[in-house]
Structure formats: structure tokens, C-alpha cells
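Here is the structure we will look at, set down as C-alpha cells.
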Amino acid sequence: MNYTGAISSKLPNVGTTIFTVMSQLAAEHDAINLSQGFPDFPVSKELISLIHQNMKSGYNQYAPMQGYLGLREQLVNKAYELYGRVYDAETEVTITAGGTQAIYTAITALVKDGDEVIVFSPAYDCYVPAIELSGASPVFFELHAPDFKLDWNEVKKLINHRTKMIIINSPQNPSGTVWSEEDLKMLDNITHDTDILILSDEVYQHIIFDDQKHQSIARFPNLADRSFLVGSFGKTFHATGWKVGYAMGPSRMMKEFNKVHQFVTFAVNHPIQRALATFLENPDNYMHISEMYQKKRDLFVEALQGSRFKIKPAAGTYFQLLDYTNITEEKDTEFAKRLTIDYKIASIPVSVFYKNESPDKVLRFCFAKKDETLLKAAEILHKI
């Protein structure tokens, strides 16, 4: 007899991600897919060659649990050169199976039943499930278009004795906004003399525009002493399918992180780690990525001039929000589906990144695409 007992879901409100839904819809209707955030241009030939060399050299078995030491050392060097923070490669860096795994591991390692975690929404969709699986409660602070401005006096009111962690994300997905130095100083101020931990999602740290400086958590000593910093090689090197990221933080926190990490994935792709270590030796391989993406942002925004969309150019990430207030009163979820089916262009409705229904009428478009793809997309959007 087959067991037919009821299953009690630990994530009853979670279904298929919007990224999967919209990408499938795009495929079904042969639409230009500017929904899911992945580039459609090639990865560096040098980097691919380095991976091949490491495979041929026999580095095809498990890497160390925390990651190849040479890669961890390169990340330590980079953090010092860019942000002035000294991390210990032996005890304060772990290579992960992408940024999402690093985020999940950081939350589940230290967040417990009854805790609260402050989340700034719209927020990337992996934060809340990890919080809930840990038995904790997400506490939302909503930010809204067009500026997504923070009111730190209001944020401070959310803090109480149950607040265990605050999750920040800059440059921010999906809004494309960037936190200022003053924002980080205010975060430092409201968490000073508390035991609150910070999870800083910095996967777009090298994609920031208009001569702004990335305000990494690593720049602020008091914050860095209580923070996980999460990064992504997939975002930086246009290789999201490789799923290689990392976490950095003080040793007392990383010790707990690694207790979970070893049972989630244990180790990450060995030949790719070694290739990345060599590739990072040359800062030119990552220091000019923002210039390339700014050209794409500017191309896309310029091509949309004269359309019915309201546009505030993204300050970072490779996502551009378009406000469709002048076009329709439809919910963004319905409008996004209609654009995909009727106009053959796929986007992401931003309301899905909120807990509650958002009044904003904005869609997120990924511009990590070939120039001809962006121009063709802009041509379609002009017809709407």
C-alpha cells in the first residue's frame, strides 16, 4: 500500500519562482527574455582556458571544504585593496555554490527559532524562505519607486530584543539602487552596542555606475566585525551557471557558517576555483566590468527615450526598472504576462519582491544582453 498521509509544508506559501515562470513563458511565446538575470554574451576565453588547464592537470576531485586556499587568498587581497579590510584566508573566507547558498548558509547557521530578521523590500526572493526555515520571522521595511529611499528613524523602530540579523543588499536587486556611505553609517549607528548581525549581499559589487564608490560592509570596521559579506563570481564574470560564490566574515561567525556549509554542499567545483584564483591575479579582469555594463545601461535607456515608460537610470546591478504608469492601470504581474504573450518581451513584475501588494507600477528588465538584443527590445517597448 502506498503512503498517502498529508504532508505539512515548511514553506506553504512558496511556489515556483517568478524567474522560472517568466522564463518558461518567454520560451513558450518566443519572446526576448529580459526577465531572468543572466547574460547572453560569452565568458572570457582566458578564464575558460584556465578551467580546461586545471581539469587536464588533474584537479577534478574534491576541493577543501572551505575552498581552494589560493582563491581565498586572492579574495583577501582584493578585499584589502578595495575596502581596506584584512580578512584571514584560513578562517574568514569560504567558497560556496553561488551567492544564494552563501546567503542560505549564513542565515541558517545563526538565526534561530523566535528570532526576527529585518528585510528591506523589494528583496531578492531567497532571503525570506531561509529565515522561515530557521524558525524565525522576517520583519519588512518597504522601499518604493522611484527612489527607494531609506528612513533610518523608521528602521530603528523595528529593532527589539528579538532582532537577530539585518539583511542588506547594495547594489540592490531588483531596484538597481545603491546605498550611500551615510546609509552604512546610519546602519552602524542603530546597531552599535547591540548583538545584531548583518548579512551584506554584495553580489553586484563590481556593477556600479556614474563614478559611485561601492560602500561595502568591509569599509566599516564596526559593521564588518558583525557581518557576513556575500559575493558572486557568476555575476562578476558573466557565468551564472557555474554557481560559484563566497562568504567572508569574522572567524567566530564563519566557524558556525562552516558547520552548516559542510552539510549543504561540502565543497565547490575544484577546477573552476583554481582558474578563478589565477584570473583574479589581474585586477583588470574585474575592475572595468562596471564600464561595460554602464555602456549597456546607457544604450538601453537612450533607446527607450520617447517611449511611454518613465525611466530613472539604474545606479547599479544589470537591471533597469521601467515605470508604466502612463500606459495602463493593470497589476504588474498581469502586464508582464501580457507583454510576454502579446509583444514578445519578458520582464519581472517588481511586486513579487514584496510581502504585501505594492502600489508601484514598475517592471524589471535585465540589460546584461548583447547590444542588438537590447535595441530590439527597446524597439518593441516603443510600440507599447
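In this text, all values refer to a predicted model and were calculated from it rather than measured experimentally.
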Over 60° means perpendicular and under 30° means parallel, so tell me whether [X] and [Y] are parallel, tilted or perpendicular.
| X | Y | result |
| --- | --- | --- |
| Phe233 | Phe237 | parallel |
| Phe120 | Trp152 | perpendicular |
| Tyr324 | Phe335 | tilted |
| His214 | Tyr83 | perpendicular |

Using the ring centroid of each side chain, check whether Phe228 and Phe257 are separated by less than 6.0 Å.
yes
With side chains defined as the heavy atoms from C-beta onward, is the minimum distance between [X] and [Y] less than 4.5 Å?
| X | Y | result |
| --- | --- | --- |
| Phe367 | Leu299 | no |
| Val119 | Val139 | no |
| Ile159 | Thr194 | no |
| Phe300 | Leu381 | yes |
| Val350 | Pro174 | yes |
| Asn77 | Gln74 | yes |
| Leu158 | Phe141 | yes |
| His144 | Tyr354 | yes |

Using a 6.0 Å cut-off, check whether atom [atom1] of [X] has over 12 heavy atoms from anything other than its own residue.
| X | atom1 | result |
| --- | --- | --- |
| Lys337 | NZ | no |
| Phe41 | CZ | yes |
| Glu379 | CD | no |
| Asp147 | CG | yes |
| Glu291 | CD | yes |
| Lys355 | NZ | no |
| Glu154 | CD | yes |

To the nearest 0.5 Å, tell me how far Arg162 CZ sits from Ser137 OG.
8.5 Å
Rounded distance (nearest 0.5 Å) linking atom CG of Leu34 with atom CG of Leu322:
9.5 Å
Distance-only, no hydrogens or angles: does the [X] side chain make a donor-acceptor pair with backbone N or O of [Y] under 3.5 Å?
| X | Y | result |
| --- | --- | --- |
| Thr163 | Asn160 | yes |
| Ser121 | Ala123 | no |
| Asn258 | Met254 | yes |
| Gln212 | Phe209 | yes |
| Arg72 | Gly67 | yes |
| Lys112 | Ser134 | no |
| Tyr318 | Gly37 | yes |
| Ser49 | Lys45 | no |
| His382 | Ala377 | no |
| Lys344 | Ile341 | yes |

Between [X] and [Y], a side-chain donor and acceptor under 3.5 Å:
| X | Y | value |
| --- | --- | --- |
| Ser57 | Asn54 | no |
| Gln66 | His261 | no |
| His288 | Asp284 | yes |
| Thr20 | Ser23 | no |
| Ser216 | Glu202 | yes |
| Ser44 | Asn285 | no |
| Asp201 | Tyr127 | yes |

Heavy-atom pair of closest approach, residues [X] and [Y]:
| X | Y | value |
| --- | --- | --- |
| Tyr68 | Gln273 | N-OE1, 2.7 Å |
| Ala267 | Ala63 | CB-O, 3.4 Å |
| Val301 | Pro313 | CG1-CG, 4.3 Å |
| Ile208 | Ser290 | O-CB, 3.1 Å |
| Ser35 | Ser347 | CB-O, 3.5 Å |
| Leu143 | Pro122 | O-CD, 3.4 Å |

Are [X] and [Y] in one and the same hydrophobic cluster, where Ile, Leu, Val, Met, Phe, Trp and Tyr link if side-chain heavy atoms are under 4.5 Å apart?
| X | Y | result |
| --- | --- | --- |
| Tyr104 | Leu199 | no |
| Tyr59 | Ile272 | no |
| Ile190 | Phe140 | yes |
| Ile196 | Ile217 | yes |

So does [X] pair up with [Y], basic N to acidic O under 4.0 Å?
| X | Y | result |
| --- | --- | --- |
| Arg308 | Asp323 | no |
| Glu334 | Lys331 | no |
| Asp371 | Lys296 | yes |
| Glu256 | Lys259 | yes |
| Arg338 | Glu330 | yes |

Might you work through the salt bridge (Lys or Arg N to Asp or Glu O under 4.0 Å) test for Lys149 and Asp183, ending with a clear yes or no?
CA-CA 10 Å; Lys149 285 291 186 183; Asp183 285 324; over 6 Å; no
Could you go through the salt bridge (Lys or Arg N to Asp or Glu O under 4.0 Å) check for Glu372 and Lys376 one step at a time?
CA-CA 6 Å; Glu372 53 265 37; Lys376 186 176 180 181; over 6 Å; no
How would you list, by chain and number, every residue that makes a salt bridge (charged side-chain N to carboxylate O under 4.0 Å, His left out) with Arg364, sequence neighbours excluded?
none
Can you pull out every side chain to side chain donor-acceptor pair (under 3.5 Å) where at least one residue sits in residues 234-245? Sequence neighbours excluded, please.
His238-Tyr293
For a ring-ring contact (aromatic ring centres under 6.0 Å, His included) check, start with the C-alpha distance between Tyr343 and His29, then their side-chain angles and the critical distance, and finish with the verdict.
CA-CA 9 Å; Tyr343 289 90; His29 296 275; over 10 Å; no
Could you go through the salt bridge (Lys or Arg N to Asp or Glu O under 4.0 Å) check for Lys164 and Glu116 one step at a time?
CA-CA 6 Å; Lys164 183 60 174 286; Glu116 292 183 354; over 6 Å; no
